[in-house]
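Owing to the predicted nature of the structure, the values given are computational and were not obtained by experimental measurement.
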Amino acid sequence: MGLVESVRKLFGFVVFIFLSGVLAAQSSEVELLLSKVDSFMLSGHQNKAIPYLDSALQIRPGQPDLLYQLAQAHFEYGDLDRSYSIVVSLFEENQIPTADMYLLRGKIYHHRLEFESAIRWYKKHLENVPANHPYRKMVANDIIRASSGLRMPGRRIDILVESMGPVINTPADEIRPLFSPNIMERIYFSSNREGSTGGLTDAEGRPDSTYGHHNMDMYMAELIGGQWDNVVFLNEDLNSRVNDIAVDFSHSGRVLYHFRGFSGEIGRVFVDTFGISKPESGYLSRFLSPFVPELGDQGLSFVSDSFIVFSSNRPGGYGGFDLYIALKRNGEWSEAMNLGPEINTEFDELDPFISNGGNELFFSSNRLSSIGQFDIFHARFNPQIQSWSNPVNIGMPLNSAGNDRFFRVSNDGNTCVFASDRKGGSGGYDLYLAYFREEWKDQFADLSSEIVNAFFPVPELPVFLEFDGSAILELYRDAENQNDTLITPLDEVRTEQLLEEVILKEVEEELPRSDKDALEVPQIPEDATIEPEDDAVLEPDEIAVPKFSIQPFYYDESGNIHYPDNVEKANRLADLLEQKPDLDLKLSAFSAHSGPVHLDLFFSVNKAVEIANIIIDRGIHPSRITVIGYGSQYPLALNQVNREPFYAGQEANRRVEPALFQDGRMYHGIDMEGKIIPESFGSSRYRDFKKQREEVSFKVQIGATRSMLNIPEINRYAHPMIERVMSSEFYRYTVGLEKTFERAEVFRDQIKMGGIENAFIVPYMDGKRLSSDMVKKFSVIFGELIHLN
């Protein structure tokens, strides 16, 4: 062996030893990182696991099991987009994906509400696991729930949902929201956010600053200027080192019922004469009732001070958690009564809420007719058969593929609040507001005697609840004719046939008159032409050859606007905007509904947002699109003729009108096509409004919020409007419509004197807000704008 060969072998051996050491060191480092990952994932800190997985992937780039764990961590933390991109790359690089990869991909599609794709990947998972796999039953149920989502009509127009914002929601959990009984602009909730009493602890209550969690504390927040803000930590006697959760208020709002326990389930409920100051007594009074957390009771809710509803997995139910009610009479609580098989199933029913009148029941359930995990369901009490209607899934957008819980209706009957851990939030459970176009009228009523009698027969000397003497006497007379049984058996009264007859009768009573008795109204041809949004004189060459035609986007009574022809119209607009980058788009939304103004404006502007999002998805920058909601205040046609519904007019009024702008002015090289309204059935309000906003006009801004604004000024003043540039989160609210700056000043000062000190004048050109640069530009032509320079 030559010297050169010996040196070469020695060098190779040294390199081998060196590389082995490096690989061993790297392997040891990766194992240490992965042990951290496992600990954080098991303790529910997915966000803390992600940096360690990123570090491990720097050492072992592209390793499939590390990438899968990273995708799983992003999914659990709520980042669906990041999780999806990693999963797709895994499928591209792996010819034989694992069963877990199929499952995760199915979950991602499920939470994106792409139910058909979710089902396909769930089935792929089942094809690749044995029959005794522990997740098999769970995945099979997820397929059924995704199928429920497929059968659901879609997003409801009568419900709008929005997050309560970054001040309320944190990466931790925010749960059990409660509206203040006396102050509409105040809300209470519980959270284990950073800074909660007691610091980070493990499951045994011992300090653990690495893997521990905060316990729940109670908080209060207020609505200030349209934003939920001013989060206040309740006093140290109400918040302790263990879990403290606000449960409910007394009917008067003077008493707070709150839970305290080492876990969120096992503990006691206490009564406090509520205030955020320290109680003088120095101790808490226990709430004694049939609600006993040690028996598995949770989700306590008060219908009145003497009527409670809760969920429990105590023995004797129908499986899982069931809903129970109890009544206090003559100072004594009854035993808890199961609400029966009409409501309860083999799955879990949690977080009940019954309206003040007792006739509307809301609860969360993971039954197979949910679209994901826990969904919110609704049932109505029918006094004719003394039973609840079949619970109905309240649908999207209120429900998601996550857990949707703790639903409550405010005293205004329109606004609701709930908690959800749906993906895309701030992390954990977040609080959301839901706005219903129609009021839950039973929220304004007193507790109905029918529901009390149905479950708790009137005693021989009935003195209970808060009924007056005449009501008690009437109940006593009715009771003499009742059977001795508490609830009539299902096979005698609550038959499917009777239910069908009752439902059919209710439907028939709501149906309009027959065609022969109904007023004949003209039909509106689909392809007729309506006048353009602006009546300014066009140049001859522009009149000769229209460069483009645009059409309104019509939506149906249920609010569905995603029809194929509307998508096609939106795509054509996107094509035009792409070809002409100097054009901007304004989408003005109108409705045929007449309801609370603040709701009507918000619902209508969100129809424009839906169309805007289709165009944005085609690559048009959001800053080029402005959406405006006018609600029902400017109908194009009559909604009624001789007190009968004019359906053709309502169809024409439910629309989103596009308008193109160039250099701040309406762009006229277009035709506007749409439904035509016979003059005798047209509305002068729309024509007058159009004329008033031609060229320069002025409005007064009264607020800018990320959510719906509900202040008296919206109803008090004429011409309320909500607008948003799609590149901004803020909805801007304006009122009034003046042609001169002087009149706008008088109007602004009037609003300021009413309490909105930051009200200011906003100029518009052809119905679109002017920027400061455009004000300077047009001041030369329109003298009224000089006042704003």
Side-chain angles (χ1 to χ4, degrees), residues 160-197 214 216-236 238-239 244-246 249 253 256 258 274-277 406 408-412 414-422 424-435 598-599 601-602 605 701-714 722-725 728-735 751-752 754-760:
L160 282 175
V161 173
E162 64 177 6
S163 167
M164 291 194 72
V167 176
I168 301 292
N169 295 321
T170 70
D173 291 321
E174 281 72 41
I175 63 170
R176 293 294 305 227
L178 300 171
F179 288 107
S180 167
N182 304 316
I183 303 173
M184 271 294 298
E185 295 79 19
R186 181 176 294 174
I187 198 165
Y188 297 85
F189 63 95
S190 302
S191 175
N192 58 353
R193 61 181 57 198
E194 190 77 25
S196 295
T197 307
H214 292 282
M216 288 284 171
D217 278 345
M218 294 179 284
Y219 296 84
M220 178 186 77
E222 293 180 312
L223 185 64
I224 301 173
Q227 306 291 328
W228 287 98
D229 205 343
N230 193 29
V231 175
V232 176
F233 175 86
L234 300 191
N235 73 76
E236 64 272 16
L238 293 177
N239 286 322
D244 297 286
I245 301 172
F249 290 99
L256 170 71
H258 59 100
F274 185 67
I276 61 173
S277 59
F406 310 113
R408 281 181 171 259
V409 182
S410 75
N411 286 335
D412 71 0
N414 291 110
T415 308
C416 305
V417 67
F418 66 101
S420 176
D421 66 352
R422 61 189 60 189
S426 299
Y429 277 92
D430 289 344
L431 300 188
Y432 293 84
L433 291 171
Y435 305 107
H598 66 286
L599 284 172
L601 293 175
F602 204 67
V605 78
Q701 182 164 314
I702 57 174
T705 70
R706 289 186 177 91
S707 58
M708 185 178 67
L709 185 65
N710 181 14
I711 56 177
E713 285 74 14
I714 295 174
I722 177 173
E723 63 183 318
R724 173 188 166 194
V725 178
S728 168
E729 295 180 349
F730 287 90
Y731 294 94
R732 296 179 290 189
Y733 284 80
T734 59
V735 292
I751 292 174
K752 283 188 170 185
I756 302 183
E757 297 179 0
N758 59 349
F760 61 91

Original post:
Do the ring planes of Y219 and F233 sit parallel (below 30°), tilted (30 to 60°) or perpendicular (above 60°)?
Top reply: perpendicular
**OP:** Taking all non-hydrogen atoms of both residues into account, name the closest pair between F602 and V605 and its distance.
**Re:** O-CG1, 3.3 Å
Original post:
Would a distance-only check, ignoring hydrogens and angles, find a side-chain to backbone donor-acceptor pair under 3.5 Å from S196 to M216?
Top reply: no
Original post:
Hey, does T415 have a side-chain heavy atom less than 4.5 Å from the side chain of L433?
Top reply: yes
Original post:
Given side chains that start at C-beta, do those of V725 and R732 come closer than 4.5 Å, heavy atoms only?
Top reply: yes
Original post:
Atom CD of Q701 and atom CZ of F760: how far apart are they, to the nearest 0.5 Å?
Top reply: 3.5 Å
Original post:
I714 versus I702: any side-chain heavy-atom pair under 4.5 Å?
Top reply: yes
**OP:** Identify the heavy atoms of W228 and V167 that sit nearest to each other, and give their distance.
**Re:** O-CB, 3.5 Å
Original post:
Do the side-chain N and O atoms of D430 and S163 include a donor-acceptor pair separated by under 3.5 angstrom?
Top reply: no
Original post:
So, for M218 and I245, which heavy atoms are closest and what is the spacing to 0.1 Å?
Top reply: SD-C, 3.8 Å
**OP:** Examine distances only and state if a side-chain atom of N230 and a backbone atom of E222 form a donor-acceptor pair shorter than 3.5 Å.
**Re:** no
Original post:
Within a strict 4.5 Å, meaning less than it, do heavy atoms of the M708 and L599 side chains meet?
Top reply: yes
**OP:** Could you check if a side-chain atom of F730 sits within less than 4.5 angstrom of a side-chain atom of R706, using non-hydrogen atoms only?
**Re:** yes
Subject >> Closest approach of E174 to S191 (non-hydrogen atoms, all atoms of both residues) >> reply: OE2-OG, 2.8 Å
Subject >> Separation between CD1 of I187 and CE of M164, rounded to the nearest 0.5 Å >> reply: 4.0 Å
**OP:** Look at the side chain of N414 and the backbone N and O of Y435, then say whether any donor-acceptor pair between them is shorter than 3.5 Å.
**Re:** no
Original post:
Side chains of Y733 and E713: does their closest heavy-atom pair fall under 4.5 Å?
Top reply: no
**OP:** Give the C-alpha distance, both sets of side-chain angles, the deciding distance and a yes or no for side chain to side chain contact (heavy atoms under 4.5 Å, CB included) between V409 and C416.
**Re:** CA-CA 4 Å; V409 182; C416 305; 3.8 Å; yes
Subject >> Min side-chain heavy-atom separation P177-R408 under 4.5 Å >> reply: no
**OP:** Take L223 and N710, measure what side chain to side chain contact (heavy atoms under 4.5 Å, CB included) needs, and give me the verdict at the end.
**Re:** CA-CA 10 Å; L223 185 64; N710 181 14; over 6 Å; no
Subject >> Inter-residue atom distance F249.CZ - H258.NE2, 0.5 Å rounding >> reply: 10.5 Å
Original post:
Minimum heavy-atom separation for S707 to E162, with atom names?
Top reply: CB-OE2, 2.6 Å
Original post:
Looking at CD1 of I168 and CD of Q227, how far apart are the two atoms once the value is rounded to the nearest 0.5 Å?
Top reply: 10.5 Å
**OP:** Say whether, by atom type as modelled, one donor and one acceptor occur between the side chain of Y188 and the main chain of A246 under 3.5 angstrom.
**Re:** no
Original post:
Can you tell me how far the CZ atom of F179 sits from the CG atom of D412, to the nearest 0.5 Å?
Top reply: 7.0 Å
Subject >> Distance, nearest 0.5 Å, that separates CG of D217 from CG of N192 >> reply: 9.0 Å
**OP:** Give the minimum heavy-atom separation between G428 and D173, together with the two atoms involved.
**Re:** CA-OD1, 3.2 Å
Original post:
Just wondering, do E723 and T734 contact through their side chains at under 4.5 Å, heavy atoms?
Top reply: yes
